[in-house]
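Chain naming here is simple, since letters A, B, ... match the order of the sequence lines and numbering starts at 1 in each.
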Amino acid sequence: MKPDIAEAKLQIYNTLSRKKEVFEPLLAGRVGMYVCGPTVYGDAHLGHARPAVTFDLVYRFLTALGYKVRYVRNITDVGHLENDADEGEDKIARKARLEQLEPMEVVQHYTVRYHKNMDQLNVLRPSIEPHASGHIIEQIEMIKRILEKGYAYEVNGSVYFDVERYNQHYNYGVLSGRKVDELIANTRELAGQSEKRSSTDFALWKKAEPEHIMRWPSPWSEGFPGWHLECSAMGCKYLGNQFDIHGGGLDLLFPHHESEIAQSTVANGTNPVRYWMHNNMVTINGQKMGKSLGNAMSLDDIFTGSHPLLAQAYSPMTIRFFILQAHYRSTLDFGNEALQAAEKGLSRLTEAGKTLARLQSSQGAQPIGIAKLEQAAWEAMLDDFNSPVAIAQLFEAVRIINSIAEGHLQINQEELEIMRTFYQDFTCNILGLSDEGAAGNDESTIQGLMETILELRQEARSRKDFATSDKIRDRLGLLNIVVKDGKEGSSWQFKP
RNA sequence: GGUCCCGUGGCCGAGGGGCUAGGCACCGGUCUGCAAAACCGUCUACAGCGGUUCGACUCCGCUCGGGACCUCCA
């Protein structure tokens, strides 16, 4: 049974405390959640899929529990600096220059493609998807407040956050566990003459060099905001000075999130976030993904199988299922064997759903214990979103469903209803797994065609004309349709 | 070099001081005209070495191996 949100003890691993904590929203029944979104200057890859799916799961589960969630995920379209802050080039500006486009053309192009990929993965759109470039004013206002409070300084039209001063009054390192002294000691002095007073300081505003094409006016110079600022400004604007959950990849922990905390704390006078959540990284065949390693693959590469490391194409739902089969705080390794296993497992799960739909209950059947499975699945999700354990419960249900369909087991009406609710809640609503078997086709037409074909084949079989029945099956096989003969007649599915 | 994380069976991946994770593969069986699917069953694990404990894969230490961030790339 679905837990009541007033009673449910949702445990979230909070990076701030490095342990699981009981989740208590600031406002009863409501959750404000901010997640760092993509920098749109290239196609989405696995490194984008993991946080998107992870926080989609969080979003869906909070919603399933009954929370009203305002989910904000930004689009970074100002670009991070390509090199170090001194001679850096904006990633988007660089791409625009190379492709001879207006920067916003680059942004638009990749935003559209990102949305397409996310839709394919069945990742729900956030409640608000703000663009950094649309919030320059808010960012400038925030810088002003930080300057007023004396935690930033201006040099030659650029503004830097004074980490050492901040650290005297607060703790720069609460989140990442770093110590400012050690950071300074461990940082090589940059070759060029830095405008920064300390290597740990970071830019709030950068004056644009003449060749820099992305620029906005500000009190200090024509330039652009520093790369940590947008999240602070937009999080505050849409979720308030303090909100419940901030998510992102583990790679953003430092310096990005650490600096967000520092900026917001000074500007708004309060610690901005109650629960920090970080998803772990993905590897490919045990190796980190990176352009320099030659194993970077876009989601489209994966969906079409057009990467040399891939043995075949993997559907978006396979990728989603694969991601959900691991806990979000573990590293996840993409390999062909593992992906093929996920593909088959997902197919089994999906097929069982169809079987469940036509299952009949038997009067007076002994209890099987479906409620216990459902309970275990909810508890797994309440325990820091443990989707792999929830999925394990679903597979238990799959085994039971198939046994009933085989006639090895009987189920009473009450348990059948629990089973249907359980399956629907978890597979569709919480895990967000959609049946993509017939995606893009006119399903009812295909259903009709298939019924006819299978009927003809059945007739051939009844007169022992196996040459014909096999021919039909083989031809369908060429169309990636698998025919399965059972006691109750034949069924079919698209080859996974 | 600094800080932190991890090392589970053929592959992926949960778990946690004594109690079946799960998926995929493999093997045997049931069913089937054949096949697929499904069901049943078998098998196999906690990197190594010490320590704590009645008992450790689970806690502690060391060693080996891998990874993350502090550079880049995303």
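Minimum interatomic distance between A:Arg461 and A:Ser469 (heavy atoms only, all atoms of both residues): CG-CB, 3.5 Å.
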For RNA chain B, what is the dot-bracket line, given that a base pair needs Watson-Crick (N1 to N3, plus N6-O4 or O6-N4) or G-U wobble (N1-O2 and O6-N3) geometry with both distances under 3.5 Å, and | means paired with another strand? (((((((..(((.....[...)))..((((.......)))).....(((((..]....))))))))))))....
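Nearest nucleotide to the A:Ala326 side chain, out of B:G33, B:G13, B:G22: B:G13. Which of B:G23, B:G33, B:A38 sits closest to the side chain of A:Asn402 comes down to B:A38. When each of B:A36, B:C12, B:A68 is scored by its nearest atom to the side-chain atoms of A:Phe322, the top-ranked nucleotide is B:C12. Set against B:C12, B:C70, B:G23, the side chain of A:Leu183 has B:C70 as its closest nucleotide. Considering only side-chain atoms of A:His327, the nucleotide from B:G13, B:A14, B:G33 that sits closest is B:A14. In the set B:C70, B:A21, B:C11, B:A21 carries the atom at the smallest distance from any side-chain atom of A:Ala392.
Within the 4.0 angstrom heavy-atom criterion, only backbone atoms of the sugar-phosphate kind lie near A:Phe395; the bases stay farther away. Contact annotation for A:Glu396: backbone-only contact, meaning every heavy-atom pair under 4.0 Å involves sugar-phosphate atoms and none involves a base. Nucleic acid contact for A:Arg348: sugar-phosphate only, since backbone atoms but no base atoms lie under 4.0 Å from a heavy atom of the residue. Residue contacts for A:Thr283: at a heavy-atom cut-off of 4.0 Å it reaches no nucleic acid atom on any strand shown. No engagement by A:Gln340 is indicated, since no non-hydrogen atom pair under 4.0 Å with the nucleic acid exists. A:Leu332 comes within 4.0 angstrom of the backbone, heavy atoms only, and of no base. Residue A:Ala341 is in base contact, counting any heavy-atom pair closer than 4.0 Å across all strands shown.
Between A:Asn386 and B:A14, a side-chain N or O to OP1/OP2 separation shorter than 4.0 Å is absent. Under 4.0 angstrom from either OP1 or OP2 of B:C40 there lies at least one side-chain N or O belonging to A:Arg399. Residue A:Thr331 places no side-chain N or O under 4.0 Å from the OP1 or OP2 atom of B:A68. Taking 4.0 angstrom as the limit, A:Lys484 places none of its side-chain polar atoms (N or O) nearer than this to OP1 or OP2 of B:A38.
When each of A:Glu258, A:His256, A:Gln263, A:His257 is checked for a side-chain hydrogen bond (donor to acceptor under 3.5 Å, both in side chains) with A:His228, only A:His256 meets the rule.
The cationic group of A:Arg178 lies under 6.0 Å from the six-membered ring centre of A:Phe254 and within 45° of the ring axis, placing it in a cation-pi geometry. The cationic group of A:Arg94 does not satisfy the cation-pi geometry with A:Tyr41, failing either the under 6.0 Å distance to the six-membered ring centre or the 45° limit from the ring axis.
Map A:Val389 and A:Arg18 each onto its nearest nucleotide of RNA chain B; the residue landing nearer the 5' end is A:Arg18.
Evaluation of atom-type donor-acceptor distances gives a pair under 3.5 Å for the side chain of A:Arg473 against the base of B:C34. Checked by distance alone, A:Asp485 brings a side-chain donor or acceptor within 3.5 Å of a matching partner on the base of B:C34. Contact of A:Asp470 with B:G33 (side chain to base): a donor-acceptor pair of N or O atoms is detected under 3.5 Å. Below the 3.5 angstrom threshold, one finds no donor paired with an acceptor across the side chain of A:Arg178 and the base of B:C4.
With salt bridges taken as basic N to acidic carboxylate O contacts below 4.0 Å, one links A:Arg60 and A:Asp56. For the pair A:Glu351 and A:Arg348, the salt-bridge criterion is not met [side-chain N within less than 4.0 Å of a carboxylate O].
When atom types are taken as modelled, the side chain of A:Ser264 and the backbone of A:Ile261 share no donor-acceptor pair closer than 3.5 angstrom.
With sequence neighbours left out, A:Tyr110 forms a ring pair (Phe, Tyr, Trp, His ring centres under 6.0 Å) with no residue at all.
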